[in-house]
Amino acid sequence: MAYNHQEIEKKWQDRWETSGIFHAKDGSEKQKFYCLIEFPYPSGAGLHIGHPRSYTALDVVSRKRRHQGYNVLYPIGWDAFGLPTENYAIKTGRKPQDITRENTDTFRRQLKSLGLSFDWSREVNTIDPAYYKWTQWMFLEFFKAGLAYKTKQPINWCLSCKIGLANEEVINGKCERCGGNTEKRDKEQWMIAITKYADRLLEDLETVDYLEKIKTQQRNWIGKSEGAEIKFPIPLLSKEGLGEVADIEVFTTRPDTIFGATFLVVSPEVAQKWIEVGWDASESVREYIAVSLKREEMDRTAEGKEKTGVDTGVVAINPANGKEIPVWIADYVLGGYGTGAIMAVPQHDERDRAFAESFDLPIVDEPLVPFDEAVAKVGGRKKTNYKLRDWVFSRQRYWGEPIPLVHCDVCSPETGGWISVPDDQLPVVLPEVDKYEPTDTGESPLAAITDWVNTTCPICGGPARRETDTMPNWAGSSWYFLRYIDAHNDKEFASQDKLSYWMPIDLYNGGMEHTTLHLLYSRFWNKFLFDRGHVPTSEPYARRHSHGLVLAQDGTKMSKSKGNVVNPDEIVRDYGADSLRMYILFMGPFEEPVPWSLNGLIGVRRFLDKVERYVSAWDESKIPLLSKEGLGEVAGIVERSLKKISDDIESFKFNTAVSTFMSLFNEIVDNVVTREQLKKILVVLGPFAPHLANECWEKIGENGLVEEQTWPVFDARLLVQEEIEMGVQVNGKARATIQISPTADETTAKQLALAQEKVQKHLDGKEIVNVVYVPGRILNIVVK
RNA sequence: GCCGCGGUGGCGGAAUUGGUAGACGCGCAGGACUCAAAAUCCUGUAUGGGCAACCAUGUGAGGGUUCGAUUCCCUCCCGCGGCACCA
């Protein structure tokens, strides 16, 4: 390899560090640019080769913006609470705090070795009490606003993590984190009322620039549907044995089809409630309910379209036409959505039809009535439902932020005895424990530390108990971007002045897997803070992009068990950070998953060596007279290439930006460019291969850092090509090329084309019936 | 099942959004340099035919629109991602 990457990378990294050139400036007059990557979870495995994909891409954008004169904030930190560390602590008997410190040290070293232009002076860590003080403070804001509430309700319980999960964390009935089975359990949980924000989370998607697929996923997840709730009365005669059950309310998005409703279906959950209020159901009905309820969510969907159900014997009256219709129980109706009961219209709904056919229920074809008219006629009311559920916010685990509440048996009955820890007592510091094991009773290990749990009531001073649940790791990551803005402020989470200057985030990149978790939670969190007057913008992220996975060489996911993990340390050591940076951008379209290829990386390294050789051999005195003033063909090539690279950065086409660099050097390798041209090239190369660009900059005798130079302004005259090679077609088939000005007229083009032997050959003996000429693009001669 | 994205050489992928398909890189083959190797450089590399110039075919399959289609429309096949009995 031609240049010593280890030497020069160390050299320039040290220069960047001592110069503080990547520090964002507070109180600057300049226009700001806030560029954000999802801060990593510092796992024991170290940096994954996929991390640099996102980080390098945004590093390129950040660096370009600095060249363009922006005051750039490109920060970094650690999302360090979470289960893997806790589980590792249990396994090894070590403290999660110590493990985390080691892991963050590793990550920090690895990230620095890549030459990323992070502002390290603003590093944050969610496990730092100075940080989670504000996470707790924000939780109390939710609590004070009535949006955090404790309730006993069925939640998703992961059997192996022994932890309650939010809906978003359960994938096909499996735990999102460990892949283990989940079941429904009734537990007291802190909830945050994200559903109150469902409409705004949905509507405000219109105001932000996210990739369309991200918006679509969020819309689906929120799952708004507009319909009506309609009561189906139960005739007096039929009421016997029903206890307190009065009528059946259903939710439907199609009240216009109500004349076709030939039966009702209630969910097992609703049926169970009927029994609780005195319904004297038959043995077989009771059994069906019991079996359905026991089945986990997963089974209920796993059986697909095979529908089960049981007739209740109860009848209801269709309020539209007064007809008596039977009421069934079936588990294809979900207890947790709408009213837990539906009107079945087999004529218009596939599922209802399937059910009707299985159980021989009537299917009738009745005319539709206008939506509003139908609702009014049957005394229903319009209702909007969402699939989005409130956010399960407590975890019965150690390694998270303590929920800063105490319970007093005497005070504050309106909140169930729960009282905020006063601001001056924040943070509630996570106490050290001996055992991190979760308990099967579902209590956090914190519950065992009696001298921590037992405290005094902030109101009456009497005995009180601390909440022992901790927060999910989505808490700290819901607002970290705000803390970067004022990372060392010990009076506020960030000052209003700085927030006003820096927010919103101009560009945020992360994984698609966070679209319905982190991205939705943090939008909600920010909106809430906005409503409380704590942040200046309703939406935190003006633009959101996402990157594809870096796969193993064979196209599968990298995994330790398969032994196909690429270690970034080895790549940086053997081929250099610049090679890794440029290769990872070059390997494929940014949003697509791409397999890793060591040979591909080596190819990029060859290119960098070529650049280094070119610059080393560059000698101004050898510039041919003609191009001394920076004119001529080479000048155009340089100008157009750099312009294209500059544009590609804006549209996230980093792969073609890199290939344009390669083409550019292929073209100039036998020419000597002028000093001004070479300087431009090095400035544009800087964001991609910053170490080498600086080394070359120094080599040609320029002062200062590449990072201090302004982005080139492209000369419009050089961007237009005087003459291009244009294709000539005969009957739509390419037959020849001509050298022609892109603005030449048709007569000229035709003359040039007809002078071509190859064209003549295909015209021979034929009659020209048409000529299509698109200047600068194509000339097509149509013959018969 | 529904929604979204995609299918291009041996491989990763380009194609100014309707205008010479295969840029750039990898791999492979041949050559130069070398005692030799590595590195580097040069040449070639979609497929079929031909020594060659060249000819024909070609962007998952089939059809259509057009002077011209990888790009637009219709039907179908396959892959990936998301949602999944949400009434």
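Proteins get letters first, then strands, A, B, ... in listed order; numbering begins at 1 in each.
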Pi-cation contact, A:Tyr337 with A:Arg389 (under 6.0 Å, within 45°): no
A:Lys733 NZ to B:rA21 P, straight-line distance once rounded to whole Å: 11 Å
So A:His348, base contact, sugar-phosphate only, or nothing? Heavy-atom distance under 4.0 Å. nothing
Does A:Val772 reach a base, just sugar-phosphate, or nothing at all? Heavy atoms under 4.0 Å. base
Regarding A:Thr195 and A:Asp390, do their side chains bring together a donor and an acceptor under 3.5 Å, going by distance alone? yes
Establish, from distance only, whether the side-chain atoms of A:Glu612 and A:Ser616 form a donor-acceptor pair under 3.5 Å. yes
Hey, mind stepping through A:Glu206 and A:Arg219 against salt bridge (Lys or Arg N to Asp or Glu O under 4.0 Å) and telling me if it holds? CA-CA 11 Å; A:Glu206 304 303 325; A:Arg219 284 191 197 109; 3.5 Å; yes
Base, sugar-phosphate, or nothing: which does A:Gly603 touch, judged by heavy atoms less than 4.0 Å apart? sugar-phosphate
What's the base orientation of B:rG22: syn (chi within 90° of 0) or anti? anti
Measure from the side-chain heavy atoms of A:Arg735 and tell me the nearest of B:rA56, B:rC83, B:rA87. B:rA56
Identify which nucleotide among B:rC5, B:rG19, B:rU20 has an atom closest to any side-chain atom of A:Glu592, counting heavy atoms from C-beta outward. B:rC5
Partner of B:rG19 by Watson-Crick or G-U wobble geometry, both contacts under 3.5 Å, or none? B:rC67
Taking syn as any angle within 90 degrees of 0 and anti as the rest, which one fits B:rU70? anti
For A:Lys761, answer base if it contacts any base atom (sugar-phosphate contacts may also be present), sugar-phosphate if it contacts only those atoms, and nothing otherwise; contact means non-hydrogen atoms under 4.0 Å. sugar-phosphate
Which is true for A:Glu591 with a 4.0 Å heavy-atom rule: it touches a base, it touches only sugar-phosphate, or it touches nothing? nothing
Base, sugar-phosphate, or nothing for A:Ser225, non-hydrogen atoms under 4.0 angstrom? sugar-phosphate
Nearest of B:rG13, B:rC83, B:rA87 to any side-chain atom of A:Pro589? B:rG13
Counting the atoms with a prime plus P, OP1 and OP2 as sugar-phosphate, which does A:Lys784 contact under 4.0 Å by heavy atoms, base, sugar-phosphate, or nothing? nothing
Nearest-Å distance, OH (A:Tyr337) to C1' (B:rA84)? 13 Å
Whole-Å distance separating the CG atom of A:Leu551 from the P atom of B:rC80: 12 Å
Once you apply a heavy-atom cut-off of 4.0 Å, does A:Lys758 come out as touching a base, just sugar-phosphate, or nothing? sugar-phosphate
Do the side-chain N and O atoms of A:Asp745 and A:Tyr773 include a donor-acceptor pair separated by under 3.5 angstrom? no
Can you tell which of B:rG82, B:rG19, B:rU40 lies closest to the side chain of A:Arg606? B:rU40
For A:Asp352, report the nucleic acid contact type (base, sugar-phosphate, nothing); a contact means any heavy atom under 4.0 Å. nothing
Between B:rC5, B:rC24, B:rA14, which nucleotide gets closest to the side-chain atoms of A:Thr656? B:rA14
Roughly how many Å is it from CG in A:Asp647 to P in B:rU17, rounded to a whole number? 12 Å
Paired with B:rG12 by Watson-Crick or G-U wobble geometry, both distances under 3.5 Å: which nucleotide is it? B:rC24
Check: B:rC85 base within 3.5 Å donor-acceptor of A:Lys307 side chain: yes
Considering every strand and a 4.0 Å limit on heavy-atom distances, what is the contact class for A:Asn599: base, sugar-phosphate, or nothing? sugar-phosphate
Within the 4.0 Å heavy-atom criterion, would you say A:Gln217 contacts the bases, only the backbone, or no part of the nucleic acid? sugar-phosphate
Among B:rC83, B:rC85, B:rG19, find the nucleotide with the atom closest to the side chain of A:Val774. B:rG19
Under 4.0 Å between any heavy atoms, over every strand shown, what does A:Asn385 touch: base, sugar-phosphate, or nothing? Just pick one. nothing
From the options B:rC24, B:rC5, B:rG81, select the nucleotide whose nearest atom is closest to the side chain of A:Asn666. B:rC24
Ring-face cation contact, A:Tyr386 with A:Lys224, 6.0 Å cut, 45° max: no
So, A:Glu38 versus A:His518: side-chain donor-acceptor pair below 3.5 Å or not? no
Side chain of A:Thr737 (C-beta onward), nearest among B:rC24, B:rU20, B:rG13: B:rU20
